[in-house]
Amino acid sequence: MTDPIEPSTSTSDPNSNSPPTPTILLHPRREPFEHGLLPIQKLIFTDPVQALTQLKEKLSSSFALRVGSAALADALQISSDHARLILDTLSSVLHSESDPLVTARPEDVDSIGADLRDLVLFLYIQSYKRLLPRSHKDSAAVADVWPSTSAFDGYLSALSPLQLVRSNTRRFMPSQADEEAHQLSYLQKHLANILSLLSEHVEGEGKESMVLTIEGFEHLGFLIHFGDKGSEGVPLSQAAPFFANSDPDMPAVPVLASQVHDWLLEIIAASLEHVSEKNSAKESGSPSSSDQDIAMSDASPSSAKASQSARSSFFIEGVSKSSYVKQASDLKNSSVKVINCHDSVVYVLAPLRYATIYGCSDATIVLGAVGKAVRVEHCERVHVILASKRVCIVNCRECIFFLGVNQRPLIVGDNHKLQVAPYNTFYSQLEEHMTEVGIDATINRWHEPLALGVIDPHDSLSHPAGVADAQTESAACLDPDQFTNFLIPNWFEGEPTKSTRNNPFPLPDPYFTSRQRNQKNLGEIQQILREAPLEENRKRELSCALHVYFKDWLYASGNIRQLYCLLGD
């Protein structure tokens, strides 16, 4: 291997070997931390560097630089289902859209496998502990929001945003800035280990025998990016002085891992200081154009907020007793978070990469087409309708999920009385949006939920002994007799020629038969009522009785929420 070179340094002392002064900011990629953590105990290593170094050596000696599910299952001593889950999850959070795992057809994923360097980083961050929500200032005022009916509630309830929802604000939950600081601190603490897993040995002794190639350095893009434009901007190596001026026609010379470490540490420290200054300015009330939580527009009612930033998600927050609609033309972001919405209907009819639904209750939430992943967490009595590559359901109760998903739904945590059903709606641009984000309507695995542990090792809580391996309650399939179509109002002006006019996901026979039977019964009842030989006063009595029963059904079923759209108009 070519001898490593020292990196060029900054302006003041051209002869200095110290790392260059950082002039750019570093940001963690949120996706691996938000959608890439799996509660599988065998992925939590006591000594991750030693375990993953051995894994890397074992796999690289036999299977080149890509690892399929069979080799992964054998190396980690896990089931084939869990090995496939790792590959699917990694694919959903990879930084490179051109990676073969991202573009692979479902039947080819097991054989194509993952790049070993991305896989090792993915397995390493399974040690990450999420930042917990802060306690509510008035615990008694919200104590009855999340009922204590589970043996695990004594400690899992600390995670529940349903204890926070009546505050109608996110200041009691981790802000985007707090989460970014937490992730930066994690990277700062673990940077040496992360670099060691990407480095290669050369002849020499000690740390100076570890070098990073330009290819290894680029894989840091799984965890970090520079500036505000994310991983879709300048390649990582072009932001680093070590490789920025490399001749594209010549192989780049490897760089000492210790030099990369010192340079990145300095940038992380500067980035943490920047986040801290922003937080201080925000707490003191100083306005900031870069404030990630500033409200951009108001939802209905006026207390609800929609906010966005160039780098993070679009937030829909605090919608209550109303309907709320966002279309593709309204969103500049490819990621949406629906937070603390109650007794409402929320429509996000757009092509997205990621979506999160968090802390909602008694609501119906419709997501358009989500190409990477959806996470639904701490929700109660919510109907979720979504078309997505994959969905993860965490700590939810009495929810029904109408799914068009290409991968098995993942069920994690303390769940109760969940039901899954096939996708049940459409809107005029649905198929266009699905094609844009890569969802295949011929594959729908809604009825194959995969239940993992009731304990999440990433939640920073201490857990009672003996429950670490307990499996969560899975989801039951909705009774076909209870299945109904959901009608989305047509808000789209000038429908395209190839607009969607039916549910693109084929219905399984029992649900199709039930729907046909219900439609037939409705037609027969309507005909009987039209032909009934009743006097006018009896017709009025019958009409009033039907309205009363219909109103009772609207409230009992929660479908009264759908009328908010009409009230809003």
Side-chain angles (χ1 to χ4, degrees), residues 345 347 349 364-369 381-388 391 398-409 417-435 439-449 474-492 495-532 542-543 545-563 565-566:
V345 182
Y347 302 87
L349 308 180
T364 297
I365 299 170
V366 185
L367 299 179
R381 298 182 302 278
V382 172
H383 289 191
V384 178
I385 304 172
L386 62 89
S388 177
V391 62
E398 300 177 38
C399 296
I400 304 178
F401 298 87
F402 297 89
L403 303 175
V405 287
N406 292 167
Q407 298 174 16
R408 297 178 66 180
K417 298 181 179 179
L418 302 184
Q419 296 181 83
V420 290
Y423 193 74
N424 67 339
T425 192
F426 68 93
Y427 59 95
S428 62
Q429 294 181 325
L430 175 58
E431 288 174 299
E432 176 187 338
H433 292 167
M434 288 172 58
T435 300
I439 298 173
D440 187 349
T442 65
I443 301 173
N444 192 358
R445 306 188 70 180
W446 67 272
H447 58 300
E448 304 176 52
S474 190
C477 290
L478 181 71
D479 186 333
D481 290 336
Q482 302 297 317
F483 179 81
T484 58
N485 287 333
F486 184 86
L487 181 62
I488 297 176
N490 185 13
W491 290 291
F492 297 93
E495 290 188 9
T497 305
K498 297 182 179 180
S499 65
T500 302
R501 302 186 184 279
N502 294 288
N503 182 351
F505 293 93
L507 279 180
D509 288 342
Y511 293 88
F512 179 82
T513 302
S514 175
R515 187 185 67 176
Q516 295 296 96
R517 183 171 60 248
N518 290 338
Q519 290 176 342
K520 180 181 177 182
N521 291 342
L522 176 61
E524 291 175 350
I525 292 173
Q526 289 174 331
Q527 183 175 354
I528 290 172
L529 292 176
R530 283 194 299 266
E531 297 175 355
L542 176 60
S543 178
L546 289 174
H547 278 92
V548 169
Y549 282 115
F550 181 62
K551 184 178 179 181
D552 289 344
W553 173 82
L554 283 175
Y555 280 99
S557 65
N559 285 300
I560 187 66
R561 295 190 291 268
Q562 297 185 42
L563 298 185
C565 299
L566 302 178

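Along the sequence shown, the residues carry numbers beginning at 1. Side chains included, hydrogens not; waters and symmetry mates left out as well; all remaining heavy atoms used.
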If you round to the nearest 0.5 Å, how far is CZ of R381 from CD1 of I400? 12.5 Å
Measure the spacing between CG of D440 and CE of M434 and express it to the nearest 0.5 Å. 7.5 Å
So which heavy atom on R501 is nearest to which on F426, and how close? O-CZ, 3.2 Å
Applying the ring pair (Phe, Tyr, Trp, His ring centres under 6.0 Å) test to W446, which of Y423, F402, Y511 qualifies? Y511
Short question: side chain of S514, backbone of P510 - any donor-acceptor pair under 3.5 Å? no
Interatomic distance, L478 atom CG to L418 atom CG [nearest 0.5 angstrom]: 12.5 Å
With a 3.5 Å distance limit and no angle check, can you tell me whether R408 reaches the backbone of E448 through a side-chain donor-acceptor pair? yes
What one should report as the nearest heavy-atom pair of F505 and N503 is N-OD1, 3.0 Å
Any chance you could measure N518, atom CG, to T484, atom OG1, to the nearest 0.5 Å? 8.5 Å
How far apart are the closest heavy atoms of L349 and H433, and which atoms are they? O-CE1, 3.6 Å
Show the nearest heavy-atom pair for residues T425 and L430, with the distance to one decimal. O-CD2, 4.2 Å
When you measure from the side chain of N444 to the backbone N and O of L403, does any donor-acceptor pair fall under 3.5 Å? yes
Going by heavy atoms in the side chains, are Q519 and R515 under 4.5 Å from each other? yes
Side-chain donor or acceptor of N406 paired with backbone N/O of I439 under 3.5 Å: no
Smallest heavy-atom separation, F483 atom then L507 atom, equals CZ-CD2, 3.6 Å
Could you tell me how the ring of Y347 sits relative to the ring of F486: parallel (under 30°), tilted (30 to 60°) or perpendicular (over 60°)? tilted
Does any part of the side chain of D481, heavy atoms only, come nearer than 4.5 Å to the side chain of R517, both counted from C-beta? yes
Tell me the closest heavy-atom pair linking A441 and P504, and the distance in Å. CB-O, 3.5 Å
Atom NZ in K417, atom SG in C399: separation rounded to 0.5 Å? 12.5 Å
